[in-house]
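Keep in mind it's a predicted model, so treat the numbers as computed, not measured. In what follows, every chain begins at residue 1, and chains take the letters A, B, ... in the order their sequences are listed.
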Number of protein chains: 2
Amino acid sequence: MTDQKIPRATAKRLPIYYRYLNILLDADKTRVSSTELSDAVKVDSATIRRDFSYFGALGKRGYGYDVESLVKFFKKILNQDRLTNVGLIGVGNLGHALLNFNFHQDGNVRISAAFDVNEELANTIHSGVPIYPMTDLRKQLEEQQIQVAILTVPADVAQEVTDDAVAGGVKGILNFTPLRITVPKDVRVQNVDLTNELQTLIYFLEHYNHKD
Amino acid sequence: MTDQKIPRATAKRLPIYYRYLNILLDADKTRVSSTELSDAVKVDSATIRRDFSYFGALGKRGYGYDVESLVKFFKKILNQDRLTNVGLIGVGNLGHALLNFNFHQDGNVRISAAFDVNEELANTIHSGVPIYPMTDLRKQLEEQQIQVAILTVPADVAQEVTDDAVAGGVKGILNFTPLRITVPKDVRVQNVDLTNELQTLIYFLEHYNHKD
DNA sequence: TGATAATTGTGAAAAATATTTGCAAATTCT
DNA sequence: AGAATTTGCAAATATTTTTCACAATTATCA
């Protein structure tokens with residue numbers, strides 16, 4: 001919104017930087033150069049400087065970057081400074097695992113509500129997260145002002161559930177279904193298609209014998 | 001190996017094409033044109049033809065593509081025609097879910113062995129998959145000729161486990177740990193960093209108000 | 001203090017990747 | 001046979017990402 005468009009490639013590296021910077025912070029390092037970072041995260045130092053530069057001048061020439069302020073900066077950029085509540089839609093196999101999955105290693109993302117069609121699951125609490133019936137999806141999302149949803153429902157209901165979630169105010173969806181859901185253009189979808197990932201992996205395996 | 005390098009963007013679209021072609025097949029459609037496909041999968045028809053052309057001349061001018069042979073062809077390309085055995089390393093939350101996860105909707109991928117350090121888990125069977133102690137990792141991978149592994153271990157042991165798996169002959173790793181593991185260049189790693197995906201999603205959410 | 005070394009930030013070039021155009025060639029359809 | 005389709009593909013274009021290269025700035029040390 002405020003800042004200009006950051007390249008997708010850069011955005012994807014931000015969490016990687018952030019993670020390593022935190023390690024440095026824990027190790028009480030006060031400064032770090034792009035070259036040092038480069039070694040650790042396996043990204044060319046020029047690329048790192050370029051990436052950082054999209055956010056302005058974060059470093060000091062002849063010195064490098066101050067670890068603490070860099071962490072603080074990225075914490076803000078990556079919304080790690082406040083809790084983001086996330087809804088989990090579909091408590092099957094995968095959904096269940098994600099309930100237990102420790103998303104908030106660095107303490108910013110929390111699944112605060114889950115939904116399932118299964119009446120028996122509904123109104124119980126799993127891993128500290130209340131599970132609501134699917135019929136309450138929209139209402140609960142609205143009430144709890146949840147803007148991010150993880151979609152782990154069967155493919156055949158993916159679209160209708162999505163529509164419902166969007167109606168409930170969701171603006172970002174982490175989509176684990178193999179379906180390419182359709183959403184209004186102000187809603188962002190990030191697809192995580194595990195089957196697809198495996199297939200692509202196997203494809204490359206069979207057809208090339210090298211990394212890239 | 002045999003075929004030349006296919007662009008990553010193309011490779012990622014293959015499963016999408018494949019999925020839709022199967023739908024056509026089920027609906028007893030015998031032919032399809034790139035234009036028709038285009039509508040369905042939301043990819044420009046020229047791009048589709050370009051994509052297909054990497055694999056040779058699959059269609060007939062003036063006619064289009066024969067659905068059945070196309071499906072057959074992609075089935076082979078995507079290794080859907082034979083079972084790929086996969087090892088699951090680390091039966092924690094996520095690992096457990098993946099054991100149950102129906103990877104082989106179209107019947108080609110099967111987790112045939114799982115591994116965990118937990119002595120109590122080892123030597124039991126979960127969801128029909130035998131769980132071996134981590135100490136047997138290399139041996140079992142070798143014996144069962146497993147070339148693909150799903151890595152769902154804690155980050156702090158990710159690298160050593162990887163080394164072990166690679167020693168056991170693994171050529172492809174679906175890496176769920178947040179660590180960027182180091183492997184020989186003939187081993188391919190596909191990273192699935194859920195925390196990262198969520199963070200990136202949230203980042204885009206906060207910073208742009210449009211899809212792309 | 002002044003010289004030397006380190007390091008950023010960034011314009012511009014280069015490289016990599018991906019899409020689109022345009023059309024000859026082949027095929028079908030009537 | 002002639003019109004209408006539709007592929008396959010070379011080449012052009014567009015987009016995205018990385019890298020180069022160096023002035024500007026700051027730190028460090030003799």
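For the pair B:K12 NZ and C:dT19 P, the computed distance is 11 Å after rounding to whole Å. B:Y54 places its OH atom 11 Å from the P atom of D:dA10, with the value rounded to the nearest Å. Atom-to-atom, CG of A:D39 to P of C:dT7 comes out at 12 Å; the value is rounded to the nearest Å. For A:R13 and D:dT17, the CZ to P distance is 8 Å, given to the nearest whole Å. Atom pair A:L37:CG and C:dT7:P shows a separation of 12 Å (rounding to whole Å applied). Protein atom CZ of B:R8 is 13 Å distant from nucleotide atom P of D:dT17, rounded to whole Å. Taking atom CG of B:L58 as the reference point, atom C1' of D:dC9 lies 13 Å away to the nearest angstrom. Atom pair A:D66:CG and D:dA27:C1' shows a separation of 15 Å (rounding to whole Å applied).
A donor-acceptor pair under 3.5 Å links the side-chain atoms of A:D116 to the main chain of A:V91, judged by distance alone.
Listed by residue number, the members of residues 42-50 of chain B with any heavy atom below 4.0 angstrom from DNA chain D are B:R49, B:R50.
Nearest heavy atom pair, residue A:A158 against residue A:L151, reads O-CD2, 4.2 Å.
Considering only residues two or more places apart in sequence or on other chains, B:R61 meets the salt bridge (charged side-chain N to carboxylate O under 4.0 Å, His left out) condition with none of them. Under the rule for a salt bridge (charged side-chain N to carboxylate O under 4.0 Å, His left out), A:D164 has no partner lying at least two apart in sequence or in another chain. Here A:R50 pairs with nothing under the salt bridge (charged side-chain N to carboxylate O under 4.0 Å, His left out) rule; sequence neighbours left out.
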Tabulate atom names and distances for all N/O pairs under 3.5 angstrom spanning the protein and nucleotides 2-6 of chain C.
none

What protein N or O atoms touch nucleotides 13-15 of chain D N or O atoms at under 3.5 angstrom, if any, and at what distances?
none

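Side-chain atoms of A:V148 and A:L174, non-hydrogen and from C-beta on, never get closer than 4.5 Å to each other.
Put simply, CD on A:Q80 and CD1 on B:I202 are 8.0 Å apart, with the number rounded to the nearest 0.5 Å. For the atom pair CG (A:L37) and CG (A:L21), the distance works out to 5.5 Å, reported to the nearest 0.5 Å. With rounding to the nearest 0.5 angstrom, the CG atom of B:L205 is 10.0 Å from the CD1 atom of A:I173. Atom CD1 of B:I111 and atom CG of B:L99 lie 5.0 Å apart (nearest 0.5 Å). To the nearest 0.5 Å, atom CD1 of residue B:I16 and atom NZ of residue B:K42 are 11.5 Å apart.
For B:S34 and D:dT7, the shortest distance from a side-chain N or O to OP1 or OP2 is below 4.0 Å.
Residue contacts for B:Y65: at a heavy-atom cut-off of 4.0 Å it reaches the sugar-phosphate backbone alone, with no base atom in range. Residue contacts for A:T35: at a heavy-atom cut-off of 4.0 Å it reaches no nucleic acid atom on any strand shown.
The distance between the ring centers of B:F52 and B:F74 falls below 6.0 angstrom.
Nearest nucleotide to the side chain of A:K60, out of D:dT17, D:dA27, D:dT18: D:dA27.
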